[in-house]
2 protein chains.
Amino acid sequence: MPPQGRRRRPTQVDIARRAGVSQATVSLVISGGAASDQIAESTRQAVLAAAAELGYAANVAARSLKGGRNRLLGLYTFEPVFPTDRRDFYYPFLLGVEEETAAQGYDLLLFSSVTSSPDRSIYAGGANRLKLADGCVLLGRNVRREDLNALVHEDFPFVFIGRREVDEGEISYVGADYVAATRAMVAELHRLGHRRILYLRAIEDTEPTRDREQGYREGLAAAGLEVDERLIQGLADPADLSAEHVRHWIGAYGVTAILVEPTEDNRLVDALTAMTDGERVRFPEDCSIALLGEPSSWTPEPRDWTRFSLPRAQMGREAVRMLVDLLGDAQSTSRQVSIPCTFVPGDSIGPAPRTGGANA
Amino acid sequence: MPPQGRRRRPTQVDIARRAGVSQATVSLVISGGAASDQIAESTRQAVLAAAAELGYAANVAARSLKGGRNRLLGLYTFEPVFPTDRRDFYYPFLLGVEEETAAQGYDLLLFSSVTSSPDRSIYAGGANRLKLADGCVLLGRNVRREDLNALVHEDFPFVFIGRREVDEGEISYVGADYVAATRAMVAELHRLGHRRILYLRAIEDTEPTRDREQGYREGLAAAGLEVDERLIQGLADPADLSAEHVRHWIGAYGVTAILVEPTEDNRLVDALTAMTDGERVRFPEDCSIALLGEPSSWTPEPRDWTRFSLPRAQMGREAVRMLVDLLGDAQSTSRQVSIPCTFVPGDSIGPAPRTGGANA
DNA sequence: CACCGCATCTAATACGTATGAACGGAGAAA
DNA sequence: TTTCTCCGTTCATACGTATTAGATGCGGTG
């Protein structure tokens, strides 16, 4: 017992003693729910008064230990969030998540401690800290599959922002419709007369990348173009993208337009800017280029690249709505939603040059 | 009870059964700490093996229930945070708070539900929800004094970002040193030859405003200038600031420089931009002007106003460090820290016009 | 008068972990 | 042989809450 130390937090037992009732009664009154109307109004008032006087606040740990709910939603990011460039990318998601969390009357628990641990597993401390919350929104490109599997296995309610697949069963997610957006981008380029369209994809084989590739293939098919596998190139690091590469592709393959997949940071935009600054390649005069997504919120308008943008805040809101919905559902059947992206015209694509011939 | 329901998470009891020991032994092995070397090596290995096979993960709720603490820190904002302009202002604080929270091995609880409630009292729900966390960082200009008093009264550990005073006792805070920063700004203007310096202060009488005024007075005193009370004007809404006002002050009072207190949004910058866009007043040709602080992170460089900026991320970090320190201290003596601001030279002040005479 | 229904409330227990006290066995000292 | 010590392990309990199965009292009914 702390002799003169910080006062112990009041518990339901304290309230019970003060109000002259039992702890069980206090619990019934406080948690409010179904059985709460079984309580006489006078008793109820007495309990509430005592609680207010003592400044009572329920103990989250105890509540969730018991299996009850504590009106907390968690947010966990698989990426380290401290690099500021990425952070700018994730901020809109956070905004949407927090806004909808508030609207639903929940509080938001940011799992920072887990995030900062050296190995980025949810189970880092030997414990699954996520379970402090009633449910959790997950985020991030580099997912630990084994963690996802474990979560599904444990039947813990969560929603992923971004489409994700998992070996054992279906998971709930709110994804961006990269397939449709990429398909539309190909269609637009085709409308402008482009026939040789290069697709620069990320080297890792994640769902977003697969979706873009599928959209690319579908777009070509819809335009009646054959897929030239040489025009699908893996790009390990966007910073590698150079004027030499572009000139090579134009010369060797007759490429007139490029679709490139951005990373969450601004390496791609930096590389593009570097190319155009020296006038070594001009977009769209030498070659059209469009971004299959939207990188980190570039600061002072480097250039209005043609791209599509995902409604990140909206996705955050939608994910929270889905999660709350999931919490209310005893069956916990998984849900999947894809949200359309917005086409941003920009100024980096233009008509295909007349001289560019059929070079298939 | 789930009849065929999903597999229950393994507990220490499960491990104990499998390894043929007691739950207590498992706990001793798992938690590892001091008493762990009391265990025979063979037993230890058996337990660890069983734990690994079952995929054990400790239950955080149970663990923190036992310990009394959650390892949760709260963050509460007195302002509604949804207007995006303000949000940009508060974001750096959040960044710092979250970073240091993570570094300290805590998780961060954003009190969104309280924030969104119509009356913005901590005690909105009848109970003090802040107590979900072990301690809390508070933020925001428009504080509810009665809430602060109650918190102090309840002996709940918290740290305010920004200097705050309270009737009953001292509270802990991490503030910006507005006094010194404003004093330095006055000194700089004096060095440039200015003698008639107007101070536009917020109309509300909050600590940050009082500190700036004190710095203004101290700065004048240090420069050997008398305080002309007419040169201290209250400004209800920064949007009210107009070219007519400025011209009037120049003409009637011989003002050559203005110090103005910004709000957390961008109304002030908008008003300034509106003035200069029409060339109705030129800064610093017609009049020097400096901002006593830094408004919302203006998007695409409207102009590099002379100002000082507060290290918001650092303040956030410092607040968390202080809070954790507070948690470890049984006495819970209050702590106060003021962090110096950074002078941003900018281009909106210049030498006082020669013609400007002593007009006191 | 026994019985029932009803409205309120309480006793008891479970959740999973940590930990101080207790315990049993083996050897050593008496 | 008895007593003591020490080591490795277990017992028992507490943490704060939610929940279910009763307990209690009371008015009405047959």
Side-chain angles (χ1 to χ4, degrees), chain A residues 1-2 8-47 50-51 54-72 125-129 131-132 134 154, chain B residues 1-2 5 8-47 50-51 54-72 127 131-132 134:
Chain A
M1 68 208 74
R8 192 178 55 87
R9 285 171 50 151
T11 73
Q12 291 187 351
V13 175
D14 299 321
I15 299 182
R17 209 164 359 233
R18 189 176 181 111
V21 295
S22 75
Q23 176 269 327
T25 305
V26 175
S27 175
L28 286 178
V29 172
I30 298 286
S31 32
S36 177
D37 45 358
Q38 306 267 358
I39 303 290
E41 188 54 26
S42 59
T43 312
R44 166 198 216 70
Q45 292 304 332
V47 168
L54 292 178
Y56 170 79
N59 183 319
V60 202
R63 196 170 262 182
S64 59
L65 172 59
K66 184 52 189 160
R69 296 285 166 81
N70 44 32
R71 295 201 81 74
L72 289 186
N128 177 356
R129 202 158 159 77
K131 289 216 169 168
L132 269 185
D134 292 344
E154 290 184 9
Chain B
M1 66 208 76
R8 194 176 50 90
R9 271 177 53 153
T11 75
Q12 292 188 348
V13 175
D14 299 320
I15 300 182
R17 205 161 6 230
R18 182 174 249 254
V21 295
S22 76
Q23 175 268 326
T25 306
V26 175
S27 175
L28 285 178
V29 172
I30 298 286
S31 29
S36 178
D37 44 359
Q38 307 267 357
I39 303 287
E41 188 56 26
S42 59
T43 311
R44 167 199 214 69
Q45 291 305 333
V47 168
L54 292 177
Y56 171 79
N59 182 320
V60 197
R63 200 171 255 180
S64 61
L65 172 59
K66 182 64 181 146
R69 291 283 170 83
N70 281 327
R71 293 200 81 76
L72 290 187
K131 290 201 174 175
L132 278 181
D134 292 342

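Every chain is numbered from 1, with letters handed out A, B, ... down the list of sequences.
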Discussion item. Can you measure Arg17(B) atom CZ to dT10(D) atom C1' for me and round it to whole angstrom units?
Written reply: 16 Å
Worksheet item: Are side-chain heavy atoms of Tyr56(B) and Ile30(B) found at a separation under 4.5 Å?
Response: yes
Discussion item. Taking only side-chain N and O atoms of Thr25(B), does any of them lie within less than 4.0 angstrom of OP1 or OP2 on dT10(D)?
Written reply: yes
Fill in: Contact check, side chains of Arg17(A) and Asp14(A), non-hydrogen atoms, under 4.5 Å
yes
Fill in: Distance in angstrom units between Arg71(A) CZ and dT17(D) P, rounded
18 Å
Worksheet, complete the sentence: To the nearest angstrom, the CG-C1' distance between Asp14(A) and dC15(D) comes to 13 Å
Fill in: Separation of dA18(C) P from Ile39(B) CD1 (nearest whole Å)
13 Å
Worksheet item: Arg44(B) has an atom CZ; how far is it from atom P of dC7(D), in whole Å?
Response: 17 Å
Worksheet item: Under 4.0 Å: is that the gap between some side-chain N or O of Arg63(A) and OP1 or OP2 of dG16(D)?
Response: no
Worksheet entry | Length of the line joining Leu65(A):CG and dA14(D):C1', which is rounded to integer Å | 12 Å
Response to the item:
Scanning both residues in full, the closest heavy-atom pair of Ala16(B) with Ser22(B) reads CB-C, 3.6 Å
Worksheet item: Considering only heavy atoms from C-beta outward, does the side chain of Leu54(B) approach that of Ile15(B) to under 4.5 Å?
Response: yes
Worksheet item: Tell me: CZ of Arg9(A) to P of dG16(D), nearest whole Å?
Response: 9 Å
Discussion item. Using the side-chain heavy atoms of Lys66(B), tell me which of these nucleotides is nearest: dT9(D), dA14(D), dT17(D).
Written reply: dA14(D)
Item to complete: Decide yes or no for Arg63(A) and Asn59(A): does some side-chain heavy atom of the first lie under 4.5 Å from some side-chain heavy atom of the second?
Response: no
Worksheet item: Counting any heavy atom closer than 4.0 Å, what does Val21(A) reach on the DNA or RNA strands: base, sugar-phosphate only, or nothing?
Response: sugar-phosphate
Worksheet item: Between dA18(D) and Gln12(A), is there an OP1 or OP2 to side-chain N/O distance shorter than 4.0 Å?
Response: yes
Item to complete: Consider the side chain of Leu28(A), meaning its heavy atoms from C-beta on, and name the nucleotide among dT10(D), dT19(D), dG16(D) that approaches it most closely.
Response: dT19(D)
Discussion item. With nearest nucleotide decided by heavy atoms, which residue, Gln23(A) or Gln23(B), maps closer to the 5′ end of DNA chain D?
Written reply: Gln23(B)
Worksheet item: Is Ser27(A) near enough to dT17(D) that one of its side-chain N or O atoms lies under 4.0 angstrom from OP1 or OP2?
Response: no
Worksheet item: What is the distance from CD1 of Ile30(B) to P of dT19(C), rounded to the nearest Å?
Response: 14 Å
Discussion item. Just to be sure I understand the rule, does Thr11(A) reach a base, reach only the sugar-phosphate, or reach nothing, if contact means heavy atoms closer than 4.0 Å?
Written reply: sugar-phosphate
Worksheet item: Within the pair Thr43(A) and dC9(C), is there a side-chain N or O less than 4.0 Å away from OP1 or OP2?
Response: yes
